[in-house]
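As structure tokens, the structure follows; a few thoughts come after it.
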Amino acid sequence: MLVGGDKETAAQLNLALFQDDEGNSVRITVLGALQGVAGGLAAEVVVDMPFVAGRVKLSLWRSRLTSWGEALDRLEAGEDIAWLHVQRGPSVFIHLGGERDCPEVVVEDDLVSMVTVRVPVCLPADWIATHRRLLGAVLRAWDAHLSPQ
């Protein structure tokens, strides 16, 4: 949290950060309150690889953050996940056994750009625990703003 006078505001926070030593990364960052939508957060998915880079906007609500926590549970159990697959906006898939012998993060933006990007990312052993901490930090920082549901 950034403190400005008597008012605290949440700074940009990563909800997810998948990166490796080869320059491949996918990041989901909460940017702030979603303008004009009570209880929503503005976020973006950023893909950065030596070959391709791009970003797409994403709206988050408490229910989407809760579903991210459930997706982490399934990943920990060894299951692949599809997050936000049937909702408006981009979808994020994580395949634990990707084509290059490491996890693969797939970002689909069927609604706006009609682009799909597959990013192989060699992740450290504690990546799920790290993502649980990132989720907890977002929920703590934005709890008062997020709608109850």
Side-chain angles (χ1 to χ4, degrees), residues 1-2 8-34 37 39-147 149:
M1 300 286 265
L2 297 177
E8 287 188 355
T9 59
Q12 292 184 0
L13 293 171
N14 285 331
L15 176 63
L17 179 59
F18 306 98
Q19 63 183 5
D20 64 19
D21 294 337
E22 297 180 21
N24 298 319
S25 71
V26 176
R27 175 174 42 90
I28 302 171
T29 303
V30 175
L31 303 173
L34 187 58
V37 181
L41 297 175
E44 67 180 354
V45 180
V46 179
V47 174
D48 191 13
M49 303 170 57
F51 180 68
V52 66
R55 65 185 61 230
V56 61
K57 293 179 182 180
L58 173 66
S59 299
L60 297 173
W61 292 270
R62 187 178 301 277
S63 62
R64 288 183 171 190
L65 295 171
T66 299
S67 73
W68 177 239
E70 293 164 354
L72 292 173
D73 292 342
R74 290 194 309 279
L75 287 163
E76 191 169 49
E79 300 175 32
D80 294 346
I81 63 105
W83 186 53
L84 307 177
H85 180 54
V86 293
Q87 300 180 15
R88 292 180 55 90
S91 301
V92 177
F93 302 85
I94 300 175
H95 305 287
L96 295 173
E99 295 179 13
R100 292 178 172 59
D101 296 325
C102 66
E104 180 179 72
V105 180
V106 180
V107 178
E108 281 186 1
D109 180 30
D110 290 339
L111 189 63
V112 177
S113 67
M114 297 184 288
V115 170
T116 298
V117 179
R118 296 180 177 281
V119 183
V121 184
C122 296
L123 298 170
D126 66 344
W127 71 274
I128 292 176
T130 298
H131 281 84
R132 288 189 194 285
R133 287 191 295 277
L134 293 173
L135 173 58
V138 169
L139 289 170
R140 284 188 302 279
W142 289 100
D143 186 62
H145 174 77
L146 291 164
S147 296
Q149 185 190 47

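Using the six-membered ring where Trp is involved, W68 and H131 have ring planes that are perpendicular, over 60° apart on the 30 and 60° scheme.
Pairing each heavy atom of W83 with each of S67, the nearest pair is NE1-OG, 2.8 Å. The minimum heavy-atom distance between G23 and D20, with the atom names listed, is N-OD1, 3.4 Å. For E108 against T116, the heavy-atom pair with the smallest separation is CG-OG1, 3.3 Å. Shown here for E104 and G98, the closest heavy-atom pair between the two residues is CB-CA, 4.0 Å.
With T29 contributing its side chain and N14 its backbone, the two residues share no donor-acceptor pair below 3.5 Å. Not a single donor-acceptor pair under 3.5 Å links the side chain of H85 to the backbone N or O of V92. A donor-acceptor contact shorter than 3.5 Å is absent between the side chain of R64 and the backbone of L84. Within the 3.5 Å criterion, the main-chain N or O of M49 finds no donor-acceptor partner in the side chain of N24.
Salt-bridge check for D143 with R62: passed, with a basic side-chain N closer than 4.0 Å to an acidic carboxylate O. In summary, R132 and D73 engage in a salt bridge, as defined by a charged side-chain N under 4.0 Å from a carboxylate O.
Applying the 6.0 Å contact sphere to CD of E22 captures no more than 12 heavy atoms from other residues, nucleotides or ligands.
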